[in-house]
2 protein chains.
Amino acid sequence: MITQKTCHDDELRAWLRRYGINPTSQRIEIARVFFSRCIHLSAEDVFKLVNTGSRRVSKATVYNTLALLVEKGLVRQVVADPAKIFYDSNTGPHHHFYDVSTGELSDIDAHGVKVSGLPPLPVGTSLEGVDVVVRLRRDQ
Amino acid sequence: MITQKTCHDDELRAWLRRYGINPTSQRIEIARVFFSRCIHLSAEDVFKLVNTGSRRVSKATVYNTLALLVEKGLVRQVVADPAKIFYDSNTGPHHHFYDVSTGELSDIDAHGVKVSGLPPLPVGTSLEGVDVVVRLRRDQ
DNA sequence: CTAACTGCAAACGTTTTGCAACTTT
DNA sequence: AAAGTTGCAAAACGTTTGCAGTTAG
């Protein structure tokens with residue numbers, strides 16, 4: 001299900017630096033999993049992926065780095081599952097299908113999707129984002 | 001912030017029974033907090049509210065009962081905060097503002113709000129619901 | 001040398017679970 | 001007695017933190 005594409009470290013290093021992140025070897029490993037095909041990953045997924053084979057990255061570093069990637073805008077958090085946070089390397093405007101039976105998250109291109117008729121924001125606040133989660137259940 | 005309206009036990013008993021829930025004294029206490037004004041409550045909120053004064057309801061029972069209320073459709077879960085689940089006694093169609101600075105959740109009436117242009121559901125799945133969470137941040 | 005980063009383990013807050021005791025029929 | 005419900009404590013889970021040790025500029 002989770003595929004891993006090999007990327008040159010130089011590419012990843014450049015990507016991180018472009019966003020003002022010091023590219024350490026652990027951060028490059030973590031960046032690699034987001035550069036690869038699968039874009040919806042929990043912290044646990046990332047931890048497992050970077051620790052396949054001989055590499056060793058601790059949980060603390062995974063969480064620290066994920067927080068850093070979110071802060072710097074390379075990756076965004078998706079709150080869809082009560083149990084865990086997903087990290088999404090697709091930072092363009094889009095929404096999500098969330099399969100409550102499997103816990104799987106998939107993209108809905110924001111192209112064409114429109115949310116209209118929202119009331120104005122409460123005064124003294126500014127918009128962080130609009131999340132649309134379409135929850136669905138697999139039929140038996 | 002959290003107000004409590006007194007309700008007759010008979011009313012609450014009837015409400016629970018209507019949904020096929022055996023109305024024990026603890027379940028009545030928990031139902032009471034949802035019958036009252038405030039509709040967005042975390043499990044912790046409910047635990048505190050039912051344990052003001054002399055009443056004693058354990059955490060396990062709070063969680064058991066909340067799960068039961070969700071299963072029977074008296075209350076719905078709202079996933080907006082990564083740290084905790086909200087329970088919402090407003091089961092009609094509506095959406096939410098979520099203030100990321102305070103953790104406060106407030107309703108957006110679905111009246112007038114329209115989500116259009118969503119792609120068809122994946123085959124073999126059926127719709128559970130569409131959640132729209134407008135995340136906002138308090139200005140400093 | 002210094003500042004930044006990492007790993008471990010322990011702590012944290014929320015939620016779940018096992019089980020004995022208590023109700024209710 | 002049987003079935004359903006409750007409370008406690010302990011455990012589980014994802015996440016965060018403190019700090020000593022390591023690495024990189």
Side-chain angles (χ1 to χ4, degrees), chain A residues 9-10 12-13 16-17 19-33 40-51 54-72 74-88 98 100 103 105, chain B residues 9 12-13 16-17 19-32 40-51 54-72 74-88 100 102-103 105:
Chain A
D9 290 10
D10 291 351
L12 298 165
R13 232 184 291 270
L16 291 171
R17 255 196 269 268
Y19 284 87
I21 295 175
N22 194 355
T24 66
S25 75
Q26 290 88 342
R27 288 171 180 178
I28 289 170
E29 288 313 308
I30 292 169
R32 197 192 311 281
V33 311
H40 299 116
L41 299 169
S42 66
E44 186 63 22
D45 292 335
V46 173
F47 178 71
K48 280 185 189 140
L49 282 168
V50 295
N51 285 311
S54 55
R55 284 247 119 274
R56 284 237 28 87
V57 182
S58 74
K59 231 154 206 188
T61 300
V62 169
Y63 278 101
N64 283 341
T65 302
L66 288 174
L68 192 61
L69 295 180
V70 169
E71 187 199 323
K72 297 295 188 179
L74 288 79
V75 143
R76 89 178 206 203
Q77 287 189 327
V78 181
V79 178
D81 185 316
K84 62 189 162 197
I85 301 169
F86 285 98
Y87 294 87
D88 188 344
Y98 177 61
V100 297
L105 202 64
Chain B
D9 290 10
L12 298 166
R13 233 184 291 271
L16 291 171
R17 257 197 267 269
Y19 284 88
I21 295 174
N22 193 356
T24 65
S25 74
Q26 290 87 344
R27 288 171 181 177
I28 290 170
E29 288 312 310
I30 292 169
R32 197 193 311 283
H40 298 116
L41 300 169
S42 65
E44 184 64 20
D45 293 335
V46 173
F47 179 71
K48 280 185 188 140
L49 282 169
V50 295
N51 285 310
S54 55
R55 285 245 117 276
R56 285 237 24 87
V57 182
S58 74
K59 230 155 205 186
T61 299
V62 169
Y63 277 100
N64 284 341
T65 302
L66 287 174
L68 192 61
L69 295 180
V70 169
E71 186 198 324
K72 298 294 190 179
L74 288 79
V75 143
R76 88 178 210 205
Q77 288 189 328
V78 181
V79 178
D81 186 316
K84 63 189 162 201
I85 300 171
F86 285 98
Y87 295 86
D88 188 345
V100 297
T102 66
L105 202 64

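Only a predicted model underlies this, so the values are computations on that prediction, with no experimental measurement involved. All chains are named by letter (A, B, ...) in the order of the sequence lines, taking the proteins before the strands, and each is independently numbered beginning at 1.
- The separation between B:Phe86 atom CZ and C:dT14 atom P is 10 Å, rounded to whole Å.
- Rounded to whole angstrom, the span from the CD1 atom of B:Ile30 across to the P atom of D:dT6 amounts to 8 Å.
- Separating the CD1 atom of A:Ile21 from the C1' atom of C:dA4 is a distance of 14 Å, rounded to the nearest angstrom.
- Within the 3.5 Å criterion, the main-chain N or O of B:Leu12 finds no donor-acceptor partner in the side chain of B:Arg32.
- Look at CD on A:Glu29: it is 11 Å from P on C:dG7, rounded to the nearest Å.
- To the nearest angstrom, P of C:dA4 lies 17 Å from CD of A:Gln26.
- The side chain of A:Ala60 lies closest to D:dT17, out of D:dT17, C:dT6, C:dT15.
- Atom-to-atom, CG of A:Asn64 to C1' of D:dT15 comes out at 11 Å; the value is rounded to the nearest Å.
- Atom P of nucleotide C:dA10 and atom OH of A:Tyr63 are separated by 18 Å, given to the nearest angstrom.
- In this model, the phosphate group of C:dT6 is approached by a side-chain N or O of A:Thr24 to a distance below 4.0 Å at OP1 or OP2.
- When each of C:dC5, D:dG4, D:dT17 is scored by its nearest atom to the side-chain atoms of B:Asn22, the top-ranked nucleotide is D:dG4.
- From B:Ile85, atom CD1 reaches atom OH of B:Tyr63 across 8.0 Å, with rounding to the nearest 0.5 Å.
- Which of C:dT6, D:dC8, D:dT15 sits closest to the side chain of B:Ser58 comes down to D:dC8.
- The line from CG of A:Leu69 to CG of A:Leu16 is 7.0 Å long, rounded to the nearest 0.5 Å.
- Expressed to the nearest 0.5 Å, how far CZ of A:Arg76 lies from CZ of A:Phe86 amounts to 13.5 Å.
- Mapping B:Thr65 and A:Ala43 onto DNA chain D by nearest heavy atom places B:Thr65 at the nucleotide closer to the 5' end.
- Which of C:dG7, D:dT15, C:dT14 sits closest to the side chain of B:Lys84 comes down to C:dT14.
- Phosphate contact (OP1/OP2 of C:dG7, side-chain N/O of A:Arg56, threshold under 4.0 Å): absent.
- Put simply, CG on B:Leu68 is 13 Å from P on C:dT16, counting in whole angstrom units.
- Taking CZ of A:Arg27 as the reference point, atom CG of A:Leu66 lies at 11.5 Å (rounded to 0.5 Å).
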